[in-house]
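None of these values were measured; they are calculated from a predicted model. The sequence lines fix the lettering, A, B, ..., with proteins before strands; numbering per chain opens at 1.
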There are 4 protein chains.
Amino acid sequence: MTTKKDQIFQAIISHINKAGLLKNLTIAEIARLADVGKGTVYEYFSSKDEVICETIIYILESIMAETLFEIPTNTQFSTILIKHIEAMLKVSQKYANIDLMLMTDGISSTLEAAYKQKLLQKVIEIKKKYTDYLKTLISIGVKENIIIDIPDQYLIFIVGNIIMTGVSYYYHELPQEARNEKEHINRIYQTIIKLLS
Amino acid sequence: MTTKKDQIFQAIISHINKAGLLKNLTIAEIARLADVGKGTVYEYFSSKDEVICETIIYILESIMAETLFEIPTNTQFSTILIKHIEAMLKVSQKYANIDLMLMTDGISSTLEAAYKQKLLQKVIEIKKKYTDYLKTLISIGVKENIIIDIPDQYLIFIVGNIIMTGVSYYYHELPQEARNEKEHINRIYQTIIKLLS
Amino acid sequence: MTTKKDQIFQAIISHINKAGLLKNLTIAEIARLADVGKGTVYEYFSSKDEVICETIIYILESIMAETLFEIPTNTQFSTILIKHIEAMLKVSQKYANIDLMLMTDGISSTLEAAYKQKLLQKVIEIKKKYTDYLKTLISIGVKENIIIDIPDQYLIFIVGNIIMTGVSYYYHELPQEARNEKEHINRIYQTIIKLLS
Amino acid sequence: MTTKKDQIFQAIISHINKAGLLKNLTIAEIARLADVGKGTVYEYFSSKDEVICETIIYILESIMAETLFEIPTNTQFSTILIKHIEAMLKVSQKYANIDLMLMTDGISSTLEAAYKQKLLQKVIEIKKKYTDYLKTLISIGVKENIIIDIPDQYLIFIVGNIIMTGVSYYYHELPQEARNEKEHINRIYQTIIKLLS
DNA sequence: GATGAATGAGAGTTCATTCAT
DNA sequence: CATGAATGAACTCTCATTCAT
């Protein structure tokens, strides 16, 4: 991975964090933020749609990398789940404005059909990875008798969503002064336990 | 409400349902779909951003109107909640592609700051309305001893999200042949009960 | 001459006086100022260019009517010339912004060739009328031995221009507090005498 | 000064010389005449109003540069004044249609208020420069006893206007076959002398 | 006659993309 | 490799004009 390519990714992420997504996200602006020439962008990507598409994939994989930890043997269920939720909170702050958008067509709706399809595939792949991760994680809870049974696909989907919703609630609904990270993480954890027990 | 204005709203909704959102959603295309002249759009809206913004508000209010039923006295909790979930399923199909987008910045991220702000206000207003509705609804469940206690804001937020997530799961994750509306509605209902009991 | 037609002329004059000429001089704006419907304008004129063209002719003829006095027999040269200059000052204030523009292509340059031609003809006609008027007037001065000889076309042209320039100087170069109408009229009168004696 | 910018200036001047001013003076037409792409115009100017505004300033400064000569010591008054009038005749032919328009709001009346203001400032600046030039020039005539006294601001204004009017008369009133440059320049010169002696 | 809702040609402007340097 | 001046397709928006009422 070239440095220039990373500069471009970071430029786009920075623009989104500041400005919300698409408005004024031009190649000229991306190049300016990335501190490269406009033409240089086309050395690394074949079109604007590709830049956007690959950036989103980059973000998605970063999020996965930063939140899906290796699960060591002999780890407590609560420890690892709470660690994951904690990581989701962190990552959500880092990619403010992006987190929710990723769950939807928000970005991809501006892309040409081919790239939209490509992105969709990636999202499916990542969802699968995430669902598998949660399943593995929950199975530890089952072993520890905290959770009665391995839930089916629907319930795992709901669990994943509760984590994201919970994180979103923390940043978008709770007023700054009411925020207590540790407490809120625990709250999300308890919600999941309640649902799965 | 003018007929032409409605034609324009319907044209945009139709475009989104078919094509995903923003790509190729031009004033020319909107006018074509609405079967009016390009200039006519500007008789009813002052800019493209305003058209988009007002359409979203129109959709949001339609969804509210179609899913938030009058709660008659002496109604059973399960009856009214299930009726609501059912309506959410229907409305989600009607505004396919739009439902998820509404939860996020997906659309508003393409709007000028002023309209983004206006939309945000509307979303807050509607969220509040929905939360209040759920609270009223749940309080019936409390009276019927199906639910132990009136949940706090966080839990109501989660409940609302479970309904939406559940609906989304039905259309986007379940394969066509596995769908059974009645069963799935019940599933969502049970998930909520589990969480609140 | 219909009242509505006059309303339209006055609306345009009013707009020019306020806003400078052409910017934002739309049919919609003209109709609004004239307090008639947009369609009504087309009952009296066949196109916007015609409205503009006829308005300018209306103004030109108004100016002529208000500044070219009947010359009674036994009038003193100085009296009648000074009266004329005085009238030019008044008319120039009334049609602020318009006076200078009329001498040039300022307005006609925005008109379709046919109307430009029509206007040019009118301007030539009026210039001729004005030159003739000045000649008649000056011939009285010759009789009174104030002026040596009837000047040729060039000199009459210069005299006409000195009057207009003098008037323009009064409103555009002299600061408000330095203006003295009587004195300035006399100044212009003396300039002419100097040139012709 | 870029070549492209000059091409654009020349394109506009060429259009005005041929067609009279504003009608059909579109960005597309300017680009075509300048032999550049439409987008290129916006590399050098931020809006159409700016193109027009800067072109006028360019013309005004060109006119000044081509008509206001260095006044060498020991030059005869008549020589230098006649040389100036001669240059005015030439420049007037070069910028046909433009000369008169510059004296008025003809162009600026189509500009947005901000540019109109900017242009006005420039015109004031140039008028001052021209008046100063004429004063310096006339003061030589005073030394040579051709002119009695340094005239005041009003008279200098009139002198300047006689030059422009005289030039205008030559091209717009005199039929082609009656034109004799040398003779007409002398005529203008004599008119000035008459006024100032 | 009088109106103004409806229209679409055409204007100004943006911006992804190319390519000579 | 890196660049940014140059480009024109495609967009939003304006406004003279029409016509059913």
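- Regarding C/E50, its CD atom lies at a distance of 14 Å from the C1' atom of F/dA16, rounded to whole Å.
- Distance from the side chain of D/K38 is smallest to F/dA9 among F/dT3, E/dT17, F/dA9.
- Backbone-only engagement by C/V36 is indicated by non-hydrogen atom pairs under 4.0 Å involving sugar-phosphate atoms exclusively.
- Electrostatic pairing of C/D49 and C/K118 does not count as a salt bridge here, judged by no charged N lying under 4.0 Å from a carboxylate O.
- Remark: B/K122 engages B/E61 in a salt bridge, criterion side-chain N to carboxylate O under 4.0 Å.
- Separating the NE2 atom of C/H15 from the P atom of F/dC15 is a distance of 11 Å, rounded to the nearest angstrom.
- Of the residues near DNA chain E, C/D35 and D/D49, the one whose nearest nucleotide (by heavy atom distance) lies more toward the 5' end is C/D35.
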With side chain to side chain contact (heavy atoms under 4.5 Å, CB included) as the criterion, how do C/L33 and C/E29 come out once you've worked through the C-alpha distance, each side chain's angles and the decisive distance to 0.1 Å?
CA-CA 6 Å; C/L33 287 172; C/E29 175 66 1; 3.7 Å; yes
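- Counting to the nearest Å, the C1' atom of F/dA16 and the CD atom of C/E112 are 12 Å from each other.
- Although no hydrogens or angles enter the test, the distance criterion places no donor-acceptor pair under 3.5 Å between the side chain of A/T40 and the main chain of A/V36.
- Between C/S47 and A/G39, the residue anchored nearer the 5' end of DNA chain F, judged by the nucleotide with its closest heavy atom, is A/G39.
- Of the candidates F/dT12, F/dT7, F/dT3, F/dT12 carries the atom nearest the B/I27 side chain, counting heavy atoms from C-beta on.
- Summarising the geometry, the separation between CD1 on C/I8 and C1' on E/dG1 is reported as 13 Å, rounded to the nearest angstrom.
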How is the base pairing of DNA chain F summarised as a dot-bracket string, given the Watson-Crick and G-U wobble criteria with both distances under 3.5 Å, [ ] for crossing and | for another strand?
.||||||||||||||||||||
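- Toward the 5′ end of DNA chain E lies the nearest nucleotide of C/V41, the other residue of the pair C/V41 and B/G37 mapping further downstream.
- Distance B/K23 NZ to E/dC15 P: 13 Å, rounded to the nearest Å.
- Nucleotide E/dG8 holds its P atom 16 Å from the CD1 atom of B/I30, rounded to whole Å.
- A cation-pi arrangement is present between A/K5 and A/F45, with the terminal nitrogen or guanidinium carbon under 6.0 Å from the aromatic centre and inside a 45° cone about the axis.
- For the residue pair A/Q10 / A/Y58, a side-chain donor-acceptor distance below 3.5 Å is found, with atom types taken as modelled.
- Following rounding to the nearest Å, A/I52 (CD1) and E/dC15 (P) show an atom-to-atom distance of 13 Å.
- Of the candidate nucleotides F/dC15, F/dT12, E/dA2, F/dC15 has the atom nearest to the side chain of C/T26.
- In this structure, of E/dA5, E/dT3, F/dC13, it is E/dA5 that holds the atom nearest to the side chain of B/E43.
- Of the candidates E/dA2, F/dT3, E/dT17, the closest approach to any side-chain atom of A/Y42 belongs to E/dT17.
- A salt bridge is absent between C/K4 and C/D35: the closest approach of a Lys/Arg side-chain nitrogen to an acidic carboxylate oxygen does not fall below 4.0 angstrom.
- The NZ atom of C/K48 sits 15 Å away from the P atom of F/dT18 (whole-angstrom rounding).
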